[in-house]
There are 2 protein chains.
Amino acid sequence: MNPTPTITWTGECVRLLDQTQLPARTVFVDIADEQQMWDAIKRLVVRGAPAIGVSAAFGAYLGVRNFGGDARALLLRLSEVCDYLATSRPTAVNLFWALKRVQRIALQASDDDSDPKQIKQRLLDEALGMLDEDCATNKAIGENGLQLLERCATGSSVINVLTHCNAGSLCAVQYGTALAPIYVGAQRGLRFHVYSDETRPLLQGSRITAYELQQSGIPVTVLCDNMAAQVMRSQQIHAIIVGADRIAANGDVANKIGTLGVAILAKHFNIPFYVAAPISTIDYDLRTGKEIPIEHRAPEEVSHGFGQPTAPKGVEIYNPAFDVTPSDLVSAIITERGVATAPYEASLAALRSSESK
Amino acid sequence: MNPTPTITWTGECVRLLDQTQLPARTVFVDIADEQQMWDAIKRLVVRGAPAIGVSAAFGAYLGVRNFGGDARALLLRLSEVCDYLATSRPTAVNLFWALKRVQRIALQASDDDSDPKQIKQRLLDEALGMLDEDCATNKAIGENGLQLLERCATGSSVINVLTHCNAGSLCAVQYGTALAPIYVGAQRGLRFHVYSDETRPLLQGSRITAYELQQSGIPVTVLCDNMAAQVMRSQQIHAIIVGADRIAANGDVANKIGTLGVAILAKHFNIPFYVAAPISTIDYDLRTGKEIPIEHRAPEEVSHGFGQPTAPKGVEIYNPAFDVTPSDLVSAIITERGVATAPYEASLAALRSSESK
């Protein structure tokens, strides 16, 4: 059992799992230059913040690997390639962060050694390092989360988990965040059954979470979002686990729309509600989740989501992209550095300072 | 403002709103004989228990109105027509109930008077009576519910209501149950804003509830089911109101899947949760909702609900048709005879005995 890798380096090119073909077909595409990478990011062949960041870093390397000029010209060329790649998804923060990171690396390398070949090698190493780093972070989240899940399910031969949206290997390089404890546990022979909310309007739960768990041989059941209460009531759900887009310093969690509802149901049924996310998701400048403005998306996602209208013409549609779950509904926040519990101001701050150790 | 009538008698034929064309088009079909009515019920041109019952009664009349035999032959012919109509939707309890009712009426009429013409008139009168009866019941539910809604929204110029699924005029002859207070209030000039859960998997909320409210000029906003928590949190929702498939003697409510989740959210946000249903929905032989087995429907409704697969092939699907909301989450049950509140054993029993008054 290995979670599907979304990004691998073949030695010659970047191999991406084409997520636009899911769940119908499993197709990989080989990316050999920066145009192909731009296109792959643009068309959502690759998606999810960590995966986009790593892909962009590889794209930057691919854009300069055959460049013939000297170190100074190479840096200029790299800057052009990065500007170009940045236009593939203008709202993806991780994309800009990754492109800045590789340019800084190239600049540092050009100080030490002005051989363009060495600079290119440093760029490739950095991309490979980001690949490994993402895997390592998520594996650590998996280890930390698994301890909690095992505790919730003491005495049960199968650990039953409900999740919302996709925070699995397909949004990252491998393992993912919310699903990482399940993959790590399954690799050790533990048995899981995952209940996956389909997650309207874009159905990441039924299309992507169900796909990657099925591929990894982990039993998964898809349900409509409005069936979660009935599942919690009738099945023995040991824990809920979800990812996060952004976490405030007080532990409030912004995540895919519907997360708040799941958290309230979990509290009602007395089921632990866990959030799994890398430390980089915690915005320490954000005091509480109330400061996060709720982005609203196009009404057509709801009214025309499946190729035919499902609501009368002209009717008003409410379509927020995410909601904020207040920290008092969160049983624990699982990071690669450890698990935070209430009071979150203190526990999250402690994880932050453990960074500098 | 008048809620869209689903069934009208033109004097010559039954005019049905073709619900298979919703929400794209508003088309009426005229039904002149029993075959056409069989087809309309079969194809879901007309749907919803009360509407099917009334339609079947008209269908029985249409099947004999041109019959030339004597009273005895007419009864035989009516029995054949009823057997035939009963095969249009073999699981619709209201269909059988209505067909039995018209046969009993015909039998009684043939005792009093053996003129076939008179028997036919009695059949038509009965169908027209059922039409009026359904309207009157729902209007009374509307009156009783409106008092509660007005109380919840004291001081507000608009009454904001959230509903789930469709318990509006299109499942009945007119007015419906959950939406009846809104129609009755709007006719008096009160202002409403209805938030309608789309109600996966079959989207009755976005397809039907949104349609009929829009047609009646009542502001309506469609949301995905998983957005209900965010709506309750961010908009000022004064009350939740839903219909019911079956209510136990203790007030437990079986209704469309997702109702339980909405009730739990309502409790969390301290919003009144009302159930509107005719007395005939209360099953006094059923002690609690725990005795109601949960029917599971075809997985394709979830995995192929929009003309293309939305989940990977072979994945397990959970698709219960309804859930049971325990009575402690129900703020009141609104019937045509009055409003019941906790303790429900006593209050529902009191409504039952008021029947014989």
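Letters A, B, ... are given to chains in the order of the sequence lines, protein chains preceding strands, and every chain is numbered from 1. All heavy atoms count here, side chains included; hydrogens, waters and symmetry mates do not.
Side-chain N or O atoms of Y344(A) include one that pairs as donor or acceptor with a backbone N or O of V330(A) at under 3.5 Å. Using a distance-only test at 3.5 Å, with no hydrogens or angles considered, no donor-acceptor pair links the side chain of S206(A) to the main chain of A311(B). Here the side chain of Q21(B) pairs no donor or acceptor atom with the backbone of V27(B) at under 3.5 angstrom. Without hydrogens or angle criteria, H164(B) side chain to I257(B) main chain gives a donor-acceptor distance under 3.5 Å.
At a 4.5 Å heavy-atom cutoff, the contact between V231(B) and chain A is made by backbone and side-chain atoms alike. Only the side chain of F269(A) comes within contact range of chain B, judged by heavy atoms closer than 4.5 Å. Both the backbone and the side chain of V324(A) come within less than 4.5 Å of a heavy atom of chain B. Contacts of A228(B) with chain A are absent, with no heavy-atom separation under 4.5 Å from either backbone or side chain. When heavy atoms are compared at a cutoff of 4.5 Å, Q230(B) approaches chain A by way of both its backbone and its side chain. Residue L202(A): no heavy atom, backbone or side chain, is found under 4.5 Å from chain B. For S234(B), the part lying under 4.5 angstrom from a heavy atom of chain A is the side chain only. Looking at L213(B), there are no atoms closer than 4.5 Å to chain A (heavy atoms on both sides), in backbone or side chain.
The residue among L223(A), L260(A), L265(A), T221(A) with the most heavy atom pairs within less than 4.5 Å of chain B is T221(A). Of the listed residues (G258(B), P312(B), A229(B)), the greatest number of heavy-atom pairs within a distance under 4.5 Å of chain A belongs to P312(B). Ranking I208(B), I317(B), D323(B) against chain A, the residue ahead of the rest is I317(B), based on heavy-atom pairs under 4.5 Å. Among G314(B), C224(B), A24(B), G261(B), the residue with the largest count of heavy-atom pairs under 4.5 Å with chain A is C224(B).
None of L17(B), L22(B), T26(B) except one satisfies the side chain to side chain contact (heavy atoms under 4.5 Å, CB included) rule with Q215(B); the exception is T26(B).
In this structure the side chain of Y211(A) never reaches within 4.5 angstrom of the side chain of V315(B), judged on heavy atoms.
One side chain, D18(B) or T20(B), offers a donor N or O that lies under 3.5 Å from an acceptor on the other.
A salt bridge does not link D225(A) to R200(A): none of the charged side-chain nitrogens sits closer than 4.0 Å to a carboxylate oxygen.
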